[in-house]
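Have a look at the structure below before the remarks.
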2 protein chains.
Amino acid sequence: METQNASILLVDDEPDILEFLSYNLQKEGYNVFRASNGNDAMKIARKVRPNLIILDVMMPQPDGYEICREIRRDEHLKDSVVAFLSAKSEEVSQIEGFKVGADDFIGKPVKPKVFLFRVQALLRRQGGEKEPLNRVFFEDLMIDKESYTVVKRGVTIELSKKEFELLILLTSRPGKVFTRDEIFRKIWGPDVIVGERTIDVHIRKLREKIGLGNIKTIKGVGYYFS
Amino acid sequence: METQNASILLVDDEPDILEFLSYNLQKEGYNVFRASNGNDAMKIARKVRPNLIILDVMMPQPDGYEICREIRRDEHLKDSVVAFLSAKSEEVSQIEGFKVGADDFIGKPVKPKVFLFRVQALLRRQGGEKEPLNRVFFEDLMIDKESYTVVKRGVTIELSKKEFELLILLTSRPGKVFTRDEIFRKIWGPDVIVGERTIDVHIRKLREKIGLGNIKTIKGVGYYFS
DNA sequence: CACACTTTTAATATTTGGTTAACACACCCG
DNA sequence: CGGGTGTGTTAACCAAATATTAAAAGTGTG
């Protein structure tokens, strides 16, 4: 749509974080606005109608949730993409977050690379809504292929790349049993040779992170997701 | 080994990269087309309607963005999946890329494994590599060769490898009586020697799991499925 | 180049499906 | 009726497959 650079509104009461995020975003060429409290945030939002609004959950006065609700109530803003920043400890609050209409959660501490990647994914969504959300749900599990995250019952779980690839592969066809060979070919490629136990180790880590029940073994055959 | 006859169009002005990617894709069984400039690309695209189009961003004449726009404008092509190739440095351009309707960005230098994995993911998105469901039905029984499971009246039953192989064999020709020798040769192979009772035990377990009625014995001859 | 992190290897433990063996049962035939 | 033959049942054993762990090797990053 717009040919101008995307505009992003950052809202956080901690100046350091504001500064840090803002720096990273500007480096990528985004048009960044800042606010340190809810009132300023709404004022700016109404004025510039940012493509993306990033809110810290924990703030005095109107907190992130409250601001988000207000945004969703505003005729001109309700279609904005809203992402929350939240510390790992208070992750249960994500449920609340999605209830008030959040589009994404970004865990603190923020890693620049991941952060920018997600911002990008969020902005992309904002444009063409026909784009199906690249998310898969399995009971209490949500897998977001865009942001490389897994959320289990509101708790964000960080996976390494291999772990994520493995999970994506297995969930691409729940119930299907993938043999070791198949897994090797699809994730490691046809000519990479690694030890047999490598997969087991990754499977183990995955189970450790997302819970044991979901990935099952059929001895002599392979693994599957259920 | 599944035959992935998805067709992929590669567009890049550097012959080396074209060759490299093409090699990797073909090795995986994809049907690869190449073009070294935008005009050729559009010509080929209109003719073969590839499932996936991979464009280098940096090209003379019409660059990747321009080609992508044209693809999105074309009635027959606008639903193709389009991925961009781009060097790490020019990341800002990704915003532009998503704006013109790109589905993914693949960073150069390209690593085969990652590349193939993403291609796979993209093709999956394209409309779900529809593979035939490997399922057989017998009255109240459904046998799913993919998941090594049997569903009986809605209840999923997990079978071990041997049990499953046995079931598959017997149901491959319902009514036909398989002799012990036949079963041994087909499941254990020609040179494996196991005791006579081994089959009985597996048959028993199968009967236990899927019900007694289905597998019948003809004394002195063998077993059959009805 | 030190640090943090991911991936792989290697060594060890544990699990479980497959097999066996011993025995029970059913049926046929003299 | 009793021995013969073929199959059913059971539990115990074993080895292969997998799980687990820690440490080494590889990666990127400041």
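Each chain gets a letter, A, B and so on, in the order its sequence line appears, and its residues count up from 1.
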Inset, instruction - Compare the minimum distances between each of C/dA10, C/dT7, D/dG8 and the side chain of B/R197, then state the nucleotide with the smallest one. - result: D/dG8
Legend entry - Spacing between B/K216 atom NZ and D/dG8 atom P, to the nearest angstrom: 14 Å
Inset, instruction - Would you state whether a donor and an acceptor, one from the side chain of A/K161 and one from the base of C/dT6, lie under 3.5 Å apart? - result: no
Inset, instruction - Using the closest heavy atom to pick a nucleotide of DNA chain D for each, name whichever of A/I218 or B/G222 lands nearer the 5' end. - result: B/G222
Legend entry - Ion pair B/D200/B/R180, N-O distance below 4.0 Å: yes
Legend entry - Options C/dT19, C/dT15, C/dA22, nucleotide nearest the side-chain atoms of B/K205: C/dT19
Inset, instruction - Report yes if a side-chain nitrogen or oxygen of A/S160 is closer than 4.0 Å to either non-bridging phosphate oxygen (OP1 or OP2) of C/dC5; otherwise report no. - result: no
Inset, instruction - Could you go through the side chain to side chain contact (heavy atoms under 4.5 Å, CB included) check for B/W188 and B/K162 one step at a time? - result: CA-CA 9 Å; B/W188 276 262; B/K162 277 270 159 14; 3.5 Å; yes
Legend entry - Contact under 4.0 Å: B/R180 side-chain N or O vs D/dT7 OP1/OP2: yes
Legend entry - Length of the CG-P vector between B/L159 and C/dT16, whole Å: 17 Å
Legend entry - Among C/dG18, D/dT21, D/dA19, the nucleotide that comes nearest once only the side chain of B/H202 is considered: C/dG18
Legend entry - Toward the 5' end of DNA chain C, by each residue's nearest nucleotide, A/V194 or B/W188: A/V194
Inset, instruction - Looking at every strand, decide which applies to B/Y223 at a 4.0 Å heavy-atom threshold: base, sugar-phosphate, or nothing. - result: sugar-phosphate
Inset, instruction - Quick one: label B/K219 by what it contacts on the DNA or RNA (base, sugar-phosphate, nothing), any heavy atom closer than 4.0 Å. - result: base
Inset, instruction - Mind calculating the distance between CD1 (A/I199) and P (C/dT6) to the nearest angstrom? - result: 19 Å
Inset, instruction - Considering only NZ, NE, NH1 and NH2 on the basic side and carboxylate oxygens on the acidic side, decide whether B/E19 and B/R34 come within less than 4.0 Å. - result: yes
Legend entry - Atom-to-atom span, CG of A/N24 to C1' of D/dT29 - whole angstrom: 14 Å
Inset, instruction - Give the rounded distance in Å between these two atoms: CG of B/D200 and P of C/dA21. - result: 14 Å
Inset, instruction - Compute the ring centroids of A/F225 and A/F178, then answer whether they are less than 6.0 Å apart. - result: no
Inset, instruction - Tell me, yes or no, whether the heavy-atom count around B/K186 atom NZ, taken from other residues, nucleotides or ligands under 6.0 Å, exceeds 12. - result: no
Inset, instruction - Please report, rounded to the nearest Å, how far the C1' atom of C/dG17 is from the CG atom of B/L166. - result: 14 Å
Inset, instruction - Answer with base, sugar-phosphate or nothing: what part of the nucleic acid does A/T198 contact at a heavy-atom distance below 4.0 Å? - result: base
Inset, instruction - Nearest whole angstrom, please: distance from the P of C/dA13 to the CZ of A/R204. - result: 16 Å
Inset, instruction - Starting at atom CG of A/L212, determine the distance to atom P of C/dT15, rounded to an integer number of angstrom. - result: 14 Å
